[in-house]
Amino acid sequence: MSELHQLTLQDASAALAAGELTSFALTEALLERIQRLEPMVRAFLTVSGEQALEAARAADASRSSSSGPLHGIPIGIKDVICTRGVTTTCGSAILEGFVPPYNATVVERLNAAGAISVGKLNCDEFAMGSSTENSAYQVTRNPWDYERVPGGSSGGSAAAVAAGMVPASLGTDTGGSIRQPAALCGVSGLKPTYGRVSRYGLIAYGSSLDQIGPLAWSVADLALMLEAIAGHDPRDGTSANLPVPNYRAALTGELRGLRVGVPREYFVAGIDPAVEAVTRTALEVLREQGAELVEVSLPHTKYALPTYYIIAPAEASANLARYDGVRYGPREPGAGMWESIETTRGRRFGAEVRRRIMLGTYALSAGYYDAYYRRAQQVRTLIKADFSQAFAHVDLLATPTSPTVAFKIGQKLDDPLAMYLSDICTLPINLAGVPGLVVPCGFSAGLPVGLQLIGPAFAEEHLLRVGDAYQRVTDWHKQRPVVA
Amino acid sequence: MSAYLVTIGLEIHAHILTASKMFDGCPANYAGAEPNTFVSVVSLGLPGTLPVVNQAAVERAALTGLALNCRINERSVFSRKSYIYPDLVKGYQISQYDEPLCSEGWIEIRTAAGATKRIGIERLHIEEDTGRLSHAEAGTSLIDYNRAGMPLMEIVSCPELETPEEARLYFEKMRQILVWIGVNSGNLEEGALRCDANVSVRPVGQQHYGAKVEIKNINSYRYVERALAFEIKRQIALLQAGGVVHQETRGWDELRGETVGQRSKEFAHDYRYFPEPDIPPIVLDATWMAARQAELPELPDARRMRFMEAYGLNLQDADLLTLERSVADYYEAGVAAAQAIGASPKEVANWVLNEGFRLLKDRGEAYEQLATRVPVAHLAEIINLVAQGSVTRSVAKQVFEESFDSGQTPAAIVKAKGLTQISDSDAMRSVVQHVLADPKAAKAIAEYRGGKTSAVQFLVGMVMKATKGQANPHITRTLLEEELAAS
């Protein structure tokens, strides 16, 4: 057996089932690694060591032949997902010390599957950002190069997997927040179809775009995670009432006859030529394995960025209105109620969050609604239609994930627009509500590059099959950063 | 005053009677509970929670729409209405905006002068209620979130009310219908039903409406009438003095008997409505609509008409008997039972209205208690005892009251108290002779013998008094006449 921190979820699961490993030993080893590497990586906002070891002991005691693949597996959870009794801050000072009295549905499902949470992972404040630099608490570093960002907003979730701190984690994706950090940290990540995974307990940013999904080394591991968390939830009115397929059974390795669309709008100026080259090489691998590559067009792609930056901030401006320091979270003093509320919000929201609240408030204001919000919704319909039309001809689409590899910490912090462009290839997928999978597909200047595969709504089986088939013939997902 | 036209519209907020709150399973029956004991993570709007529509609330709101002659929209949409106030847990209220559940209905009111007037209803939509803020001493405020997330219907009238009286009648009619169909408790004191009134005045001949003033949070019929009367006078006086009425929100100060400015248009909220992304649009199919239609009971106005036509009741009695559905049901059950023993619907109406209502009022009980106090079987028994001649009408009234208070059957009361009518001629004759010997009877005897036959009534009264009302009045009269003729 290789070192415990190098085990994929699937490997660890097999070792646990075979009795070659205990959950306690695995959890203990990973907690030690976290303790050793955290000063450099800074992926965790909370490490629940004692609770994790206790849960691991219980998992070992309750192990039986019917235990599922996640039984006794340590995982990390992005800090925008509510965990009962464990501080959940969204990376924001306005929720400093907030301890939810309830679990998100995904947490309940992972608990039921026997998974063990070792802690809460850092992210951009309220998931707004592409570098995890917007966290009020710390900047997470990319394990491939500590001077670089891990991407965002699920930077902690991607970095923790890449650094071997946990075999899998949960992230959330509103405009690329799982896929871009997965690409920048060289791990696999899946944004499921909107409605596939319950949002109950996910602290909202852009409610019509947010989706929880897994990050792990391999696509096979993502399939195990998705199977545990997917499915209808009566507490989320937008969750789809559809059966959950057996995702593991879908991993046949078969690619013959597959029609892969390559949208020309995703290979244009702004994409780092080296990143494009690595991506095109990955497409060739799919072709060699029997897939047919077809050039397609998604003509409204160029409107995705402005559309996203109206809809997401508009929803956020309402979602974040509840943070006033009255019922929970810290309260700043003030002369009277209104001053206290204003001071609490003014001091405890970060600059990017304040910027998006203002953007969204403006877009919804009387006299501007039609020109901005309504128009954005109309364009969103066109972007969705682009995808449906494309999927009438191809089984899935393949694109770059991020226009660049991981950039330097601080490099884009003073230029919001440059930062926003980092999500140019991932935003349209959230607007369309379709699923997107990222798999490591090579390196540029020693930094990971990810291939994005996009499928029709609820075609995760398809995406996972293709991603897994790709990983059967490549070993990019097995490359590990040297961390110390 | 006659030189001005008055235009009034009412917005009525009514709690929808459901077991749980609007967007989760949090119990809704918080009346009388300690503050903040009927709350949940969803009704408190904690981070990460999501609203899920209470289907029963939608059903009841649609039923209300049908009762108000509205169109139920196949598709309706929830929207977020944003404003910051500590009693609003999410910083926005989930409401409906441009696509409400129900549109374009009407109800009829009847003025004191007897005229019937149809008042249009613009819309009925669903929303959630807020918590309640109370201002404590030393500049602190306390918040109770028990009410937060309660299902509410907002019913908006067309601007077709022209007097404070009409506004009151409309509010009363609305309450009657909502309580009748079982969607609201009708409890104004607890805030289960509240109203905001919009009022404007304009000189006769002016085409466009005057500036609209909104009077907020009126929770009694009397206040609606008084607040509007005050506000209309204020606006007309202002106009007559050459002033200008500004669009604003005012509150009714009952102690001072006047409306007080709260918020003028410059500070009007921009609520930034947008469709609620957490709740998919409500789409209702024909089967669902048919089920609501099937739930709709006969409404009070229709029932009043039927009572007049089928039972020969006058308008006043029919009105009273259809004030509340429990009374109408009780009355009709009584009519059915009475029919079996040959008694008339009018006879039943008299018992319900005279004795029943009198006792309810006297004992301070609600109308719906009547069926419990005097079950229909007891009412029928009493009517039957009178019809059979077993007791006199005045004894029957005593029995009704006894039965009302003790719950005993009328037969048991009659038996226990020996209230059976005395029809035995021998027993009666000695009482009659005794009464005629009483010096108090002398004057009436003299008058009778002098040819004033009606004087016998006084003597009948004396016999009744002597027998505590148990004497059969017909037999008493005959015996009196026989005795007077004989002596």
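Every chain is numbered from 1 and lettered A, B, ... according to where its sequence line falls, protein lines coming before strand lines. Heavy atoms only: backbone and side chains are in, while hydrogens, waters and symmetry mates are out.
Proximity to chain B (any heavy atom under 4.5 Å) is shown, for A:F126, by neither the backbone nor the side chain. Using a 4.5 Å cut-off between heavy atoms, A:P234 contacts chain B through its backbone alone, with no side-chain atom that close. Only the backbone of A:A314 comes within less than 4.5 Å of a heavy atom in chain B; its side chain stays farther off. Proximity to chain A is limited to the side chain of B:V41, based on heavy atoms less than 4.5 angstrom apart. For a residue to count as touching a neighbouring chain, one of its non-hydrogen atoms must lie under 4.5 Å from one of that chain's; by this rule B:V42 touches chain A with the side chain only. The contact between B:L44 and chain A is made entirely by backbone atoms, counting heavy-atom distances below 4.5 Å. Residue A:A104 does not touch chain B at all, counting heavy-atom pairs closer than 4.5 Å. Residue B:F23: no heavy atom, backbone or side chain, is found under 4.5 Å from chain A. In this structure, chain B has heavy atoms under 4.5 Å from both the backbone and the side chain of A:Y200.
Judged by distance alone, with hydrogens and angles left aside, the side-chain atoms of B:E11 form no donor-acceptor pair with the main-chain N or O of B:E154 at under 3.5 Å. Not one N or O on the side chain of A:D233 forms a donor-acceptor pair closer than 3.5 Å with the backbone of A:S239.
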### Task
Just do the side-chain hydrogen bond (donor to acceptor under 3.5 Å, both in side chains) check on A:K78 and A:S157 with the steps written out, would you?
CA-CA 6 Å; A:K78 187 179 181 181; A:S157 303; over 6 Å; no

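Checked against a 6.0 Å centroid threshold, the rings of A:F98 and A:Y328 count as neighbours. A ring-centre distance under 6.0 Å is not found for B:Y92 and B:Y83. Here the two rings, on A:Y368 and A:Y362, have centers that are under 6.0 Å apart.
In terms of heavy-atom pairs under 4.5 angstrom with chain B, the leader among A:R199, A:Q377, A:R235 is A:R199. Of the listed residues B:P86, B:P280, B:S82, the one with more heavy-atom pairs under 4.5 angstrom with chain A than any other is B:P86. No other option in A:I203, A:I81, A:V326 has as many heavy-atom pairs under 4.5 Å with chain B as A:I203. Of the listed residues A:N319, A:D324, A:L95, the one with more heavy-atom pairs under 4.5 angstrom with chain B than any other is A:N319.
Taking a 6.0 Å sphere around OH of A:Y369, one finds it holds more than 12 heavy atoms contributed by other residues, nucleotides or ligands.
A pairwise comparison of heavy atoms in B:F38 and B:K21 identifies O-NZ, 2.7 Å as the closest pair.
Checking A:T89, A:T88, A:V80, A:T87 one by one against A:K120, the side chain to side chain contact (heavy atoms under 4.5 Å, CB included) holds for a single residue, A:T88.
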